[in-house]
Structures are given as C-alpha cells and as structure tokens.
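Treat the numbers as computed from the prediction; the structure is a model and nothing was measured. Just so we're on the same page: letters track the sequence lines, and every chain starts at 1.
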Number of protein chains: 2
Amino acid sequence: MTEIRADFVWSRPARGARGPKPTHTRDEFAQVSVQIADSEGIDAVSIRRVAQEVGVAPAALYRYVRRKDELHDLMVDLVFAEQAPPELSGHWRTDLRVVAYEARHRALRHPWLTTLSTQRIALGPGSLAWMEFAFGAFDGHELTADEIMTNVQTLIAFVTGHVLGQIGEEQASARSGMNHDEWLQAMSVHGEEIIGSGRYPRVARLMVEAAGPHDPDHADHSFDLGVERILDGMSAMVGAR
Amino acid sequence: MTEIRADFVWSRPARGARGPKPTHTRDEFAQVSVQIADSEGIDAVSIRRVAQEVGVAPAALYRYVRRKDELHDLMVDLVFAEQAPPELSGHWRTDLRVVAYEARHRALRHPWLTTLSTQRIALGPGSLAWMEFAFGAFDGHELTADEIMTNVQTLIAFVTGHVLGQIGEEQASARSGMNHDEWLQAMSVHGEEIIGSGRYPRVARLMVEAAGPHDPDHADHSFDLGVERILDGMSAMVGAR
DNA sequence: GTCATATTGCGAACACCGTACACGGTGGGG
DNA sequence: CCCCACCGTGTACGGTGTTCGCAATATGAC
C-alpha cells in the first residue's frame, strides 16, 4: 500500500534541511518570469532566459522547481497575490462583482495568465485567498456546497471566456506586426471575400454593421452586461437582495 | 501606398497555378494532425511528427502552410466542419442551446480545441457556418448588430470557460499518470494541508461537502444551469418567446 | 567537535523543436 | 516549345526542456 502523495510546489519545503543555503528563492524566479512574460509574452519565458536574467546556470532552476510547469504555477499564484481580496461586504452581488472585475483586470494586466491558469490548477496562497473570498459571498444564504461552487464556477467561466476572446483578438493583431487599424483593414480584406462569397449573409451583415470591433469600449460594455446577466440568473436561487 | 493584404490560409489558393501537382492536400495534413492531437495531446503535433506520419519530409509542410500556426487553424476549422449546424428552428432559445451544447461537445471530443481557438481566430468555412447559424438565431427579433454579437459572445465565453475548467481538471489528473481516483486522493492530501492550515475555512468546508469533484455528472449539470441562466439574461432583451 | 549525508550550483550533453535555404525535378501558361 | 513558378528534399541553425555527474557546502546525528 504505497502512499499516494500530491506533488505540488506548495507541498514541498522551500529549502532542503541539510545542504548549503540556496542563493535564491522560488519567489525570485517567479517574479522575474512574470516580468519577462508581461513585456515579451509567455513564450519568452524559457528556463535558460529566466536563469540568465537571475544570473544563474539554467540547470540551477531545477533545484527550485521540478518541471517548467511548476514555474508557471508560481507565476499564476504570484499575480493572484498582487491584490488581496477586500473584506466581505455582506452583499453577495457586490462581492461577486468584485471577483469578476478583479479577475478580468488581473487577466488583462497579464495576458498570459488565463492561458496558464486554465491548463493547470494552482492552489497557492494567492489563489486560495480569492477562492475563500468568492465562496464567502454566499455566507448567510442557505445554499448547498454544490450550488455555491456552481455559481462561482459559472461566473469565473464567463470571465475566463470573455477575457480570452478579447485577448485573442488583440494578440492576433499584435502578432501580425501591424497596428490595430492596419489589422482591421487587413481583416476586412479577408472579410470582403466572406461577404463577397454570399454564403454567410448574416456574418457579412454583422461585420459591416457591428461597431464592436471598431469600438475599444465594446469589450468593457459586453463584459458588464454579461456579468449582470449571470448575477441575475443566480438571484432566483439566492433569494432576496 | 502599399496594399495591406490579410495573410490567412483561407485566402491563399490551395495550389500554385504553375508547378507540379502537390502530392498531398492541406486537409490531409489537418486530418493527421487532429488524429495525433486527439490521441497524444496537442504537444505531440510537431511539424516533424506530422510529416513523418504522412510520409513526407518535414520541410514539405511549408509548401502547404506558412507557419505552424496555420496548421492549427486548419485543425480548428476541420473539427468545426465535423458537424454542420442544423436548420434554424425559429426559436432563438432552442438554437442558442444547440450552439452551446454542440460547442461543448466539440471541445470535449477534442480537448486541444479550446486552447487553440482562443489563441487565434480561424475564419474557415467550418467555423463560419456555425457563426452564421448562431447569428441566425435572432432573425426576426429587432436586435442591433452589437446586441447580437454581444449575446453570442457571452454564450460562447461561458462555454469556453466552463469547458476549460473541466478539461483542466481532467488533464491535471491525466498528466500526473494517475487514474482519476488516485488523483483525487492525492489532491485530498494536499487538501488536508489546506484544511489543516485553518486559513481557508470556506474552501475547506466546500472541499469536504461538495459532491462536485466526486460526481462525474456534476460538470454536465453545472453546464446546463449556466446556459439557462445566460439565456434567461438575454430574454429580457429579445422580448417574447 | 567531527563526520556522514543531503542538498546546492554548474557544465556538458541529449533529444527534440520550428524554420530557412539552396537544390534538382516537374509541368502548365505564354 | 520553352521558361519559370512551384514542389519535395537534405542540410543546417539556433533554440528548447531536461538529465546526469561532479565539487562545494552546511546541517543533523553521534
């Protein structure tokens, strides 16, 4: 009967009990990684690059982290910890709005965040604090554990998806090396083919009429609306206020 | 005044007008790629691997595709085309439900799909057909182009986020090489630390009480609920039925 | 206080990866 | 008919994550 042991960064001691003092910390590597990812994209975060930036041999990183994934986990939790959740207000709608808006803000500040956090589940102190806050929104309302989890999951799912859509569009234009206007124009050239083909009349109409892609505030508004819509959906279950 | 030209796979001719016949097709490479990704994960889809599987030199792929990203675009559109949208029913709720459920089904069948499709925007015939269908759901209702796009975007955002959450959990256990039960147990060992720490009482309570993680149907139910909730939110805007 | 031992950082190496380029063979448009 | 655009290929470059053996180090055990 072998003991099954979870192997997360968080459940391993920060340093061994026996050997020489580590010259750096997990946090330091995480911070440097976040900095690189913010300014040059997540793909620029390579073991060698991070090592170089910290001033250490590439192989040294593996004394702090088992695999590159764990470095990602540290990055994710670090940005969750950037902003600690506030005190619970006592109004579930208010608190869930905070969860949603803060999550979106966080994801837009660090465009690599959503991609990483949806590929692995990081349960570090930073993320846990926010989970605690989100669940706390329903304190005093008689919801089952499953109902609470489903509600929070629904909200987060929307935020995740919405942000991914927005980032995807922005990065598609960034990657092409064009500025936003040029990209829109290039897009519309391809759009002409779609419109011209006559096979997708509704898509064609919306591409012409919708202000969405041209209006930088569109993402904000559609986010606001979506959040309120989802909160509306919960209110029947939660009861008053 | 240089002409800005969109450079998508879809707007380039399938073969040159002059030279020898290509021995393969874009579709063939896409099919092989999908097969590899389905059975071994998206990371197994390398230029060299796909080339080998098709029986061709690695460099040959670049006659069909400018960069690896375009191969991904082809993969995405291929699985959208697996199932063509049905005829519009005339009931917007019914049709949007089809959009949501089919999108989820598609994403669960091909766990790599969501990751890819959120990183690039692929506007091939397969995806366009579904866009056309989704927009068509609001035919006859007096919505602005922006309202239609926002509604569809909200729904897709939720599906995306929800599926990503589900897949993330499944893959976390798959990657660890444990079966699902073992992983749950390993998770719970880490959970003990969280519960034991006393710092996250609500998280601790939900980890114990929620049937979610243990119930394989939980994801389905929470998806159903989420979709209905979002459709509820739209109904005020759409009006009757 | 001494010693054994676990742990650290490091250099080198391995097996991959995406992509560029020059090359000879092919076949359709002028 | 012939030119030349295009196809497939071999080779090469610079990058990636990760492993392994080694010397130096600091701690727990005696």
For this session: Examine D/dG8: is either OP1 or OP2 under 4.0 Å from a nitrogen or oxygen in the side chain of B/T23? Give yes or no.
Result: yes

For this session: Compare side-chain N and O positions of A/Y64 against OP1 and OP2 of C/dT8 and report whether any pair is under 4.0 Å apart.
Result: no

Exercise. Salt bridge between A/E102 and A/R106, side-chain N to carboxylate O under 4.0 Å?
Worked result: no

Exercise. If you draw the axis of the six-membered ring of B/W10, does the NZ or CZ of B/R26 fall within 45° of it and under 6.0 Å from the ring centre?
Worked result: no

Exercise. Contact class for A/A17 vs. all strands (heavy atom < 4.0 Å): base, sugar-phosphate, or nothing?
Worked result: sugar-phosphate

Nearest-angstrom distance from the residue atom [atom1] of [X] to [atom2] of [N]:
X: B/R15; N: C/dT26; atom1: CZ; atom2: P; result: 15 Å
X: B/I47; N: D/dC13; atom1: CD1; atom2: C1'; result: 17 Å
X: A/R63; N: D/dG17; atom1: CZ; atom2: P; result: 18 Å
X: B/K68; N: C/dC16; atom1: NZ; atom2: P; result: 15 Å
X: B/K21; N: D/dA5; atom1: NZ; atom2: C1'; result: 17 Å
X: A/R18; N: D/dC30; atom1: CZ; atom2: P; result: 10 Å
X: B/R48; N: C/dA20; atom1: CZ; atom2: P; result: 13 Å
X: A/E28; N: C/dT8; atom1: CD; atom2: C1'; result: 15 Å

Exercise. Can you find a heavy atom in the side chain of A/D69 that is under 4.5 Å from one in the side chain of A/Q119?
Worked result: no

Side chain of [X] only, please: which of [options] is the nearest?
X: A/P22; options: C/dG9, C/dT19, D/dT19; result: C/dG9
X: A/P20; options: C/dT19, D/dA26, D/dG8; result: D/dA26
X: B/A59; options: C/dA20, C/dG9, D/dT16; result: C/dA20

For this session: By nearest nucleotide on DNA chain C, pick out whichever of B/P58 and B/G19 is the more 5' one.
Result: B/P58

Exercise. Between the base of C/dG18 and the side chain of B/R67, is there any donor-acceptor pair under 3.5 Å?
Worked result: no

Exercise. Strictly under 6.0 Å, is that where the ring centroids of B/Y200 and A/F135 end up?
Worked result: no

Exercise. Between A/Y64 and A/F29, does the ring centroid distance fall short of 6.0 Å?
Worked result: yes

